[in-house]
2 protein chains.
Amino acid sequence: MGVQFPFFMKKPITISDIAIKLDISKSTVSRALKDHPDVNPETKRRVKALAEKLDYEPNLLASSLAKKQSNLIGVILPEFNRTFFSSALEGIQHVARANGFNVIICQSNEEFENEVLNTKMLASNKVAGILMSLTLQTEDFSHLRKLQDKNIPFVLFDRVADNVDCPKVTVDDFQGAYQVTSHLIKKGYKNIAHLSGPLGLSISKKRYEGFMKALDDHGFDQANAQVYECKLLNEDAYHSARKLLELNKDRPDAIFCVSDYVAFEAMRCIRDLGLRIPEDVALAGFTNDPATNYVTPPLTTMEQPAKLIGEKACELLLQHLKSEEHSEFPHLELPTNLIERGST
Amino acid sequence: MGVQFPFFMKKPITISDIAIKLDISKSTVSRALKDHPDVNPETKRRVKALAEKLDYEPNLLASSLAKKQSNLIGVILPEFNRTFFSSALEGIQHVARANGFNVIICQSNEEFENEVLNTKMLASNKVAGILMSLTLQTEDFSHLRKLQDKNIPFVLFDRVADNVDCPKVTVDDFQGAYQVTSHLIKKGYKNIAHLSGPLGLSISKKRYEGFMKALDDHGFDQANAQVYECKLLNEDAYHSARKLLELNKDRPDAIFCVSDYVAFEAMRCIRDLGLRIPEDVALAGFTNDPATNYVTPPLTTMEQPAKLIGEKACELLLQHLKSEEHSEFPHLELPTNLIERGST
DNA sequence: TTGTACGCGTTATCAC
DNA sequence: GTGATAACGCGTACAA
């Protein structure tokens, strides 16, 4: 006999309620409400008027169940707390909403296990599709294959994996790094170092490659290039910077950092050593986090169109949802934009 | 006859599939899967084994429909892009997940209209409840009343409204402001100004009041206190700071800013005027944004336990969901924590 | 143009 | 301990 509503709880209005009051059938109400073509304009008007009056709200759960397609798009992010991701989220939400979809988000917290759990949860919630940026730990992709088996389409953005076959959206990291490095070279710096991220991570690797290529193209000797690898967003960045800066003879006069936050740590370190920016050491980052504007001196960096990345990723997913032709999976590489500030 | 699955789409496993293969009824399968007490341990084992083997995933849509209660909690935030909110979100998600709920988030973008649309969407998705932080524009609360009519419980956090009756979680803004101001006084500053937010906003008002009270309690003349109101997060902050700093005779030797971002703007302004921090003008903010650590000098500020606020808000909602006694609506005011840095 | 009837996958009630 | 069966609210072939 179903669940009883507690006495204090008004039973929500349903299409049947409207049907009964108007003495027509549920189907007609359903059709009227969703602007089905074959329905008398007059009935449509009456239905809509009553729906409005009764403050009817469709039950999307029931609708999704019947249509086997929900209006929810799942998003899995490593962290909400980083400007890049929250901006991307903004873009995702924007496009999703414009197309009648809602967004349900999860945080993997950079842990692989959470990522797997999240994909399961989203699958259980029968989301229409998933947008995700992988964990730093992710090396096993069986959870993604399961999604494919269940025919839940997904798009990877920013943190993508080469050996997963799906639509992808990233920034042109190679070009971006190439440009920052060229900028440093043009500014006249002679001994340019790179504080890189884990080279197993595709983003870090591409930035590293862009850096090396720029050196080479400008007649620098790649073999002499000082590259220190560090874990992202960690005290580790500080220590790597320290090692780099304590080289006496060979101290770099400029450092290209793999991310703004790594650059901030390097900045702290440079100050701690009593050096000046950019006179003694110039510094460039990557991402254009809002904080780059507030540090002293403001940080030169590559702007990543985070919001645009989110929008594009969401658009790819929606395209995929509409056409059943998944012939080729596109990989969008968006351009970055150099922002020169006082640190170089 | 319902929707046909496209040929390429595997039909998802359901409890009926399991029931048929095991030659038992759906009901038993359902019970076994959710550890209902009245079910033979052996059947339970067999059901679970098969479910595992077939990679069965429950359809939460159907479940929610049947139970008239979804496992989704809606969250409406003014912006994702601010550390405070994304941290709060983290807390919310944490508690939600620990209790078997998922989070569906929306962004009002500081626009009232979006806020209203969001509440409707979430209601349509039949969320179990809603957590929200109001827009700066929000003055009309009829959308919240509608939620109450539909018996969708909600909790307000951070940006709350006095004349809405519901559980609330905020920080003790009055005390926080009182403490920062007292800190400035103890440091020996004599002419302390306040760059406040819009006084219509309860947060700004309370911080303003805490500021004034601290002055009064330490024998300062409230009437002489320089308070400049500015819109939050705007160029407006810069201009207000400028006006304040261009007072020749009466230039403050310390400024308590309503937020860290306002303080960053003030900082820019102070530098533009060729003044030193904290020698000429000391500066304190509010929130403890990560960037406070990277500016020069690092900013003294009040730490707001953003994540904790999110957790508490979510806990209040879950409590409310469990007990139908909504006798009293609690208002939690969490303590803040002074973080002294180089700017004072 | 409208109505009938059934299915979506799960849960809950009631009888056995 | 288990099995029918009727909801939950909506969408949609098919008939009228």
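Below, chain A is the first sequence line, B the second, and so on; all start at residue 1. Computation of the quantities below employed the complete heavy-atom set of this structure, encompassing side-chain atoms and omitting hydrogens, waters and symmetry-equivalent molecules.
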Contacts satisfying ring pair (Phe, Tyr, Trp, His ring centres under 6.0 Å) that involve residues 53-78 of chain B (not counting sequence neighbours) are none
The nucleotide from dT5(D), dG9(D), dT12(D) with an atom nearest the side chain of Lys67(A) is dT12(D)
So that I know where these two stand, are His143(A) and Phe112(A) an aromatic pair - ring centroids less than 6.0 Å apart? yes
Side chain Asp140(B), main chain Ser142(B), donor-acceptor under 3.5 Å: yes
Assert: residue with more 5' nearest nucleotide on DNA chain C, out of Ser27(A) and Ile13(B), is Ser27(A)
Exercise. Would you kindly say whether Asn118(A) and Arg97(B) are connected by a side-chain donor-acceptor distance under 3.5 Å?
Key: yes
query = Are Thr135(B) and Glu115(B) linked by a side-chain donor-acceptor pair shorter than 3.5 Å?
reply = yes
Asn59(A) atom CG is separated from dG11(D) atom C1', nearest whole Å, by 13 Å
Within residues 17-24 of chain B, the residues having a heavy atom closer than 4.0 Å to DNA chain D are Ile24(B)
Ordered by number, residues from residues 28-44 of chain A within less than 4.0 Å of DNA chain D (heavy atoms) are Ser30(A), Arg31(A), Lys34(A)
Taking five pairs at each terminus, the helix from dT1(C)-dA16(D) to dC16(C)-dG1(D) shows an axis bend, to 10°, of 40°
Hits for salt bridge (Lys or Arg N to Asp or Glu O under 4.0 Å) against Arg45(A), two or more places apart or cross-chain, chain-then-number order -> Glu42(A)
- Query: Under 4.0 Å: is that the gap between some side-chain N or O of Ser25(B) and OP1 or OP2 of dG3(D)?
  - Reply: yes
Residues at least two apart in sequence or cross-chain that pass side chain to side chain contact (heavy atoms under 4.5 Å, CB included) with Lys21(A), listed by chain then number, are Leu50(A), Leu54(A)
